[in-house]
Amino acid sequence: MKYYAPKGLYDIKPEDIPYWHAVEREVRSTMPLYGYEEIRTPIMEKTEVFARGVGEDTDVVSKEMYTFEDKGGRSMTLRPENTASAVRAYLEHKFYGKEELSKWYYLGPMFRYEAPQKGRSRQFHQYGAEAIGSDDPALDAEMIGLAADLLKSLGLEDVGLTLNSIGCPEDRVKYVDKLVEYLKPEKDRLCDNCRARLDTNPLRILDCKEDSCQEVVEDGPEITEYLCSECQDHFDDVRGYLKQLDLEYDLDPKLVRGLDYYTKTVFEVFSSDLGAQDALVGGGRYDGLVELFGGDPTPAVGFAGGIERLVLLLEELERTDMERSGLDVYLATLDEETKKTGLELVQELREAGLKAEIDYLDKSLQGQLGYADRYGAEITGILGPRELSDNEITLRDMETGDQATVPLNEFRSEVKNHLDSSR
RNA sequence: AGGAGCGUAGCUCAAAGGCAGAGCACUGGGUUGUGGUCCCAGUUGUUGCGGGUUCGAUUCCCGUCGCUCCUCCCA
């Protein structure tokens, strides 16, 4: 084979589409219940939107961006996530002047240049929500509840929620100082990566997966001990609302998330049924991002979920409501004359809203019935020269094998009657 | 970027130096116009690609391309 999809990019095949539709349907129906409207931002932005928005020192920006120069010499980047774009759009279209609280959802492809593995590809798809304009802790709780609601509606029961607060930037400066002070003497026990992070992004050392780093961090200071009273109150309130909503969670003081824009609340939803890439949803508050982009200080909170991972789980559940849907009617014809009439009949059925097919492979009657069977036809119409000369058609119930002959002009209504009574 | 495993028929997989196979699928027949079960017959191959060793390579060696999983990080 000469041509392959580029590494990490793949085709979503018809057999998988029902699962994608199920996810998309759920997102589109659930989001509006919580007051979120869809926004569609471009699939690429000027590179600085992400570089600034997501943070230069993050993994996403420093090594995972699909960046290229366009013909005008501008540096462009395929979006690795959607929050930065949403904030850019919020400011560009001056939504702060149009509505007090912007609640948006989105759905679409994202790109990160990484080694693909189970549940991770270079082009992947996310759904997510952003609420820009409120610092109400109830909104944080709503976000988390919304993410959980979506997964639950899709039939996923076995998911865990972890929660943390990383405070405001001032808290973090204080905490990071303490953390670095604590880690410096232990430098030798940290992995190479983390030794570098000591200077660039010490917070990330907390969720390093290396055992030695974890041991070091274990006895270190926790960020929640350094929250200012406002952040502490906010965190307490979020937890209170979560309790009110009956949402269970685990506190994880080491949950810091990979993107720089987060403040206060951060959370992740994961599934132990997935492989190494077990995060289903990630999100949090980003009160400083609008300001960073040049707007007035504006609090905001959001989350994003990965569709590929969701589809993997849904496929394991073998949901029958997500199987490919079959044919309603197959029409078998036996020669050129009957095929001409057959085409008209099939067209009539389609116009009546039925899924109808006819032979395009020159199959024998036996072959056609086999085809009808495999594609799930409930009824097969058999139109041979005998029927045609009498202006009739044979109706075969594919489940029982019962057959009846009906006048051609009553075919459509007979089919409809039959389908209605069998459903 | 690093580590491990795997590339054989449309699909799932055998063959472990000696004629490239099975099941499923597909086509035809048993049934001159009747599917899902059954029986019979048939079609299907650049063994990923290139080189090497050998009388002989799908098998062993080297390289290469691709896929998968893992480390890292995330959705």
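A, B, ... follow the sequence lines: proteins, then strands. Residue 1 opens every chain.
- Rounded to whole Å, the separation between the P atoms of B:U34 and B:G50 comes to 49 Å.
- The gap from the C1' atom of B:U47 to that of B:C60 amounts to 15 Å, rounded to the nearest Å.
- Residue contacts shown for A:R396 include a base, since a base heavy atom lies under 4.0 Å away.
- A:V60 comes within 4.0 angstrom of nothing in the nucleic acid, heavy atoms only.
- Residue A:T333 is classed as having no contact, given no heavy-atom separation below 4.0 Å to the nucleic acid.
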Can you give me the dot-bracket string for RNA chain B, 5' to 3', counting Watson-Crick and G-U wobble pairs with both distances under 3.5 Å, using [ ] for crossing pairs and | for partners on another strand?
(((((((..((((....[..)))).(((((.......))))).....(((((..]....))))))))))))....

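- Between the side chain of A:Q117 and the base of B:C74, no donor-acceptor pair under 3.5 Å is found.
- A:D59 has its CG atom 15 Å from the P atom of B:U71, to the nearest Å.
- Rounded to whole Å, the C1' atom of B:G7 lies 14 Å from the corresponding atom of B:U12.
- Using atom P as the reference point in both B:A1 and B:U44, the two lie 42 Å apart (nearest Å).
- One can find a donor-acceptor pair under 3.5 Å joining the base of B:C74 and the side-chain atoms of A:R309.
- Counting only N and O atoms by type, the side chains of A:Y286 and A:E130 include a donor and acceptor under 3.5 Å apart.
- Glycosidic conformation, B:A16: syn, with the torsion inside 90° of 0.
- Atom P of nucleotide B:C74 and atom CG of A:L203 are separated by 12 Å, given to the nearest angstrom.
- Checking A:T338 against A:T333 by side-chain atom types alone, no donor-acceptor pair falls below 3.5 Å.
- Remark: the A:E64 side chain and the B:C74 base include no donor-acceptor N/O pair separated by less than 3.5 Å.
- Atom NZ of A:K118 is separated from atom P of B:C72 by 18 Å (rounded to the nearest Å).
- Salt-bridge check for A:D420 with A:K416: failed, with every basic side-chain N at 4.0 Å or more from each acidic carboxylate O.
- Here the separation of B:A57 from B:G51, taken at their P atoms, is 13 Å to the nearest Å.
- Rounded to whole Å, atom C1' of B:C74 lies 9 Å from atom CD of A:Q126.
- A donor atom on one side chain and an acceptor atom on the other are found under 3.5 Å apart for A:S325 and A:K355.
- At a threshold of 4.0 angstrom between heavy atoms, the contacts of A:Q368 with the nucleic acid are absent.
- Comparing the same atom, P, in B:A9 and in B:U58 gives a spacing of 14 Å after rounding to whole Å.
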Close N or O pairs between protein and nucleotides 25-33 of chain B (under 3.5 Å):
| unit_1 | atom_1 | unit_2 | atom_2 | d |
| --- | --- | --- | --- | --- |
| B:C26 | OP1 | A:R374 | NE | 2.9 |
| B:C26 | OP1 | A:R374 | NH1 | 2.7 |
| B:C26 | OP1 | A:R374 | NH2 | 3.3 |
| B:U27 | OP1 | A:K363 | NZ | 2.1 |
| B:G33 | N7 | A:R386 | NH1 | 3.2 |
| B:G33 | O6 | A:R386 | N | 3.0 |
| B:G33 | O6 | A:R386 | NE | 3.4 |
| B:G33 | O6 | A:E387 | OE1 | 3.4 |
| B:G33 | N1 | A:E387 | OE1 | 2.7 |
| B:G33 | N1 | A:E387 | OE2 | 3.3 |
| B:G33 | N2 | A:E387 | OE2 | 2.7 |

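- With no hydrogens or angles considered, no side-chain donor-acceptor pair links A:D135 and A:H234 at under 3.5 Å.
- A salt bridge is absent between A:R122 and A:E64: the closest approach of a Lys/Arg side-chain nitrogen to an acidic carboxylate oxygen does not fall below 4.0 angstrom.
- Between the side chains of A:D140 and A:T265, a donor-acceptor pair is found at a separation under 3.5 Å.
- Side-chain contact annotation: A:E142 with A:Y36, donor-acceptor N/O pair under 3.5 Å present.
- A residue-by-residue look at A:A377 and A:G306 shows that A:A377 has its nearest nucleotide of RNA chain B further toward the 5' end.
- Regarding A:Y10, its OH atom lies at a distance of 11 Å from the P atom of B:C69, rounded to whole Å.
- For the OP1/OP2 pair of B:C74 and a distance below 4.0 Å, the side-chain nitrogens and oxygens of A:R122 include no atom meeting the criterion.
- Across all strands shown, A:A372 has no heavy atoms under 4.0 Å from either base or sugar-phosphate atoms.
- Contact annotation for A:Q403: base contact, defined as any heavy-atom pair under 4.0 Å involving a base atom.
- Residue A:E114 is in base contact, counting any heavy-atom pair closer than 4.0 Å across all strands shown.
- Note: CG (A:L206) to P (B:C72) measures 16 Å, nearest angstrom.
- Judged by distance alone, the side chains of A:S153 and A:D149 do bring a donor and an acceptor atom under 3.5 Å apart.
- Nucleotides B:G21 and B:U43 are separated by 16 Å at their C1' atoms, to the nearest Å.
- Between A:R257 and A:D397, the one whose closest nucleotide on RNA chain B sits nearer the 5' end is A:D397.
- Cation-pi geometry between A:K174 and A:Y226 is not satisfied (NZ or CZ under 6.0 Å from the ring centre, within 45° of the ring normal).
- Using modelled atom types and a 3.5 Å distance limit, the side chains of A:E268 and A:T162 yield no donor-acceptor pair.
- Under a 4.0 Å N-O distance rule, the pair A:R88/A:E92 qualifies as a salt bridge.
- Although no hydrogens or angles enter the test, the distance criterion places a donor-acceptor pair under 3.5 Å between the side chain of A:T47 and the main chain of A:S75.
- For B:G35, its base sits under 3.5 Å from the side chain of A:D373 at one donor and acceptor pair at least.
- Looking at A:R28 and A:E38, a side-chain N of the basic residue comes within less than 4.0 Å of a carboxylate O on the acidic one, giving a salt bridge.
- When heavy atoms are screened at a 4.0 angstrom cut-off, A:G128 is found touching no nucleic acid atom at all.
- Side-chain atoms of A:D402 and A:T400 include a donor-acceptor pair closer than 3.5 Å.
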For nucleotides 1-9 of chain B, list the nitrogen or oxygen atoms of the protein found under 3.5 Å from its nitrogen or oxygen atoms, one pair per line.
none

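- Per the geometry, CG belonging to A:L331 stands 17 Å off P belonging to B:U34, to the nearest Å.
- The separation of B:C6 from B:U53, taken at their P atoms, amounts to 26 Å, rounded to a whole angstrom.
- Nearest nucleotide to the A:K7 side chain, out of B:C67, B:C72, B:A75: B:C67.
- Atom NZ in A:K63 sits roughly 11 Å away from atom C1' in B:C74 (whole-Å rounding).
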